[in-house]
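Working notes, beginning with the structure itself.
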Amino acid sequence: MPHTSTPAPARTLQRMLRAAPWYAGLDDDERVRVECDVSERLVAGGAFVARRGGRVDHWMGVVEGLLKMSNVSPEGKLATFAGMPDGAWFGEGTLLKNEARRYDVIALRDTRVACMPRTTFEWLLERSIPFNRFLLDHLNERLGQFIAMVEYDRLLDPDARVARCLGSMVHPLLYPGNGDSLRIGQEELGNLAGVSRQRVNQALQRLENEGLLSIEYGGIRIVELEGLRRFGS
DNA sequence: TCATTAAATTGTT
DNA sequence: AACAATTTAATGA
């Protein structure tokens, strides 16, 4: 590493938008409107970004931080659907169906959230084919994750749960910009995978020994993405 | 640039 | 849950 290393570019809202996979396909008018309409909100760690049952009037994306999409059943059972790292977008399903939100979104640490107004979202939906294409890919990917979840989740041992949790948060096409490394601590990973931090540590060491990832301070570097997604099956 | 310190995170029991 | 070890970030000379 050269000692003249340039400081990592700040995770600004504008930078995040321009790196978004759907942004590249927009025309100039669309880009101008998007950059004008999208605002940024800071959510403290532990706080709700949006609540189940609440009205949905924004399509949201993670500029910087970490979110958890989850639900609590009437019996008090916690179900986490997805972890959302930098560059992840969510809420399109509820926007398209125009119904109340079906899940809670909670910040696992201080997180900056990009908010695109419903009107802008619908405007893009009406006129941009690349935007529609992105939504299609995005929904399809999400569907695949949910199918895998109902198929295996209850049967998986902790190692596999951690592996799949990581695999679901890395997507070179839908969430670019993270490269092959994920900034997530072992405690946060435990919250997402539903296992203790100690067990996360144990799982990560096994996964590292099998050559699927490498453990870094404050994060994980993905080595074999497909191996992580397949792990345990 | 280097040393010191505090804070965060990891590894182990 | 508690503890020790490690890494990073911040501070000031």
Side-chain angles (χ1 to χ4, degrees), chain A residues 1-16 19 40-49 61-70 72 75-88 104-114 153-154 156-172 175-232:
Chain A
M1 182 76 76
H3 76 309
T4 58
S5 64
T6 51
R11 298 261 179 181
T12 65
L13 175 59
Q14 188 184 62
R15 228 180 258 283
M16 181 265 199
E40 182 178 314
R41 190 153 70 91
L42 179 63
V43 180
F48 281 87
V49 175
V62 178
V63 179
E64 198 261 325
L66 185 65
L67 302 182
K68 165 175 85 163
M69 189 185 285
S70 64
V72 185
E75 308 90 58
K77 205 168 182 179
L78 177 68
T80 296
F81 302 130
M84 291 176 297
D86 295 353
D104 289 323
V105 181
I106 299 170
L108 290 181
R109 60 170 180 257
D110 289 357
T111 300
R112 307 209 314 278
V113 182
D153 202 36
R154 292 164 190 273
L156 292 178
D157 63 284
D159 291 346
R161 298 184 60 154
V162 170
R164 289 177 184 234
C165 183
L166 285 169
S168 73
M169 284 191 291
V170 177
H171 198 296
Y175 314 153
N178 286 320
D180 58 358
S181 72
L182 210 50
R183 286 180 30 219
I184 180 174
Q186 298 183 0
E187 183 153 24
E188 295 166 331
L189 194 49
N191 284 330
L192 286 174
V195 301
S196 69
R197 182 179 70 78
Q198 292 93 323
R199 198 58 187 75
V200 167
N201 185 267
Q202 190 178 325
L204 289 177
Q205 293 187 34
R206 178 176 170 193
L207 295 171
E208 183 175 50
N209 283 335
E210 304 204 5
L212 300 177
L213 54 78
S214 79
I215 301 172
E216 296 173 345
Y217 186 83
I220 302 295
R221 193 169 61 80
I222 306 295
V223 176
E224 291 289 344
L225 180 55
E226 287 310 312
L228 284 174
R229 291 190 170 156
R230 246 193 306 273
F231 193 89

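Residue numbering restarts at 1 for every chain, and letters A, B, ... go by the order of the sequence lines. None of the values given here were measured: they were computed from a predicted structure.
Contact check on A:E64 versus A:R15 returns no salt bridge, with no Lys/Arg side-chain nitrogen under 4.0 Å from an Asp/Glu carboxylate oxygen. Between A:K68 and A:D104 there is no salt bridge, since none of the side-chain N atoms of the basic residue sits less than 4.0 Å from a carboxylate O of the acidic one.
Between the P atom of C:dA2 and the CD atom of A:E187 lies a distance of 13 Å, rounded to the nearest Å. In this entry the distance linking CD of A:E216 with P of C:dT7 reads 13 Å, nearest Å. Taking atom CZ of A:R183 as the reference point, atom P of C:dT7 lies 19 Å away to the nearest angstrom. B:dT12 atom P lies 17 Å from atom CZ of A:R206, rounded to whole Å. Rounded to a whole Å, the CD atom of A:Q186 is 13 Å from the C1' atom of C:dT7. In this structure, CG of A:N191 is placed 13 Å from P of B:dT9, rounded to the nearest angstrom. In this structure, A:E188 atom CD and B:dA8 atom C1' are separated by 11 Å, rounded to whole Å. Summarising the geometry, the separation between CZ on A:R199 and C1' on B:dT12 is reported as 14 Å, rounded to the nearest angstrom.
The shortest non-hydrogen separation linking A:V162 to A:V195 is CG2-CG2, 4.0 Å.
In this model, the phosphate group of B:dT12 is not approached by any side-chain N or O of A:Q202 to a distance below 4.0 Å at OP1 or OP2. Considering only side-chain N and O atoms, A:N201 lies nowhere under 4.0 angstrom from the phosphate OP1 or OP2 of B:dT10.
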Quiz prompt | Stepwise side-chain hydrogen bond (donor to acceptor under 3.5 Å, both in side chains) test for A:N209 and A:Q205 | solution = CA-CA 6 Å; A:N209 283 335; A:Q205 293 187 34; over 6 Å; no

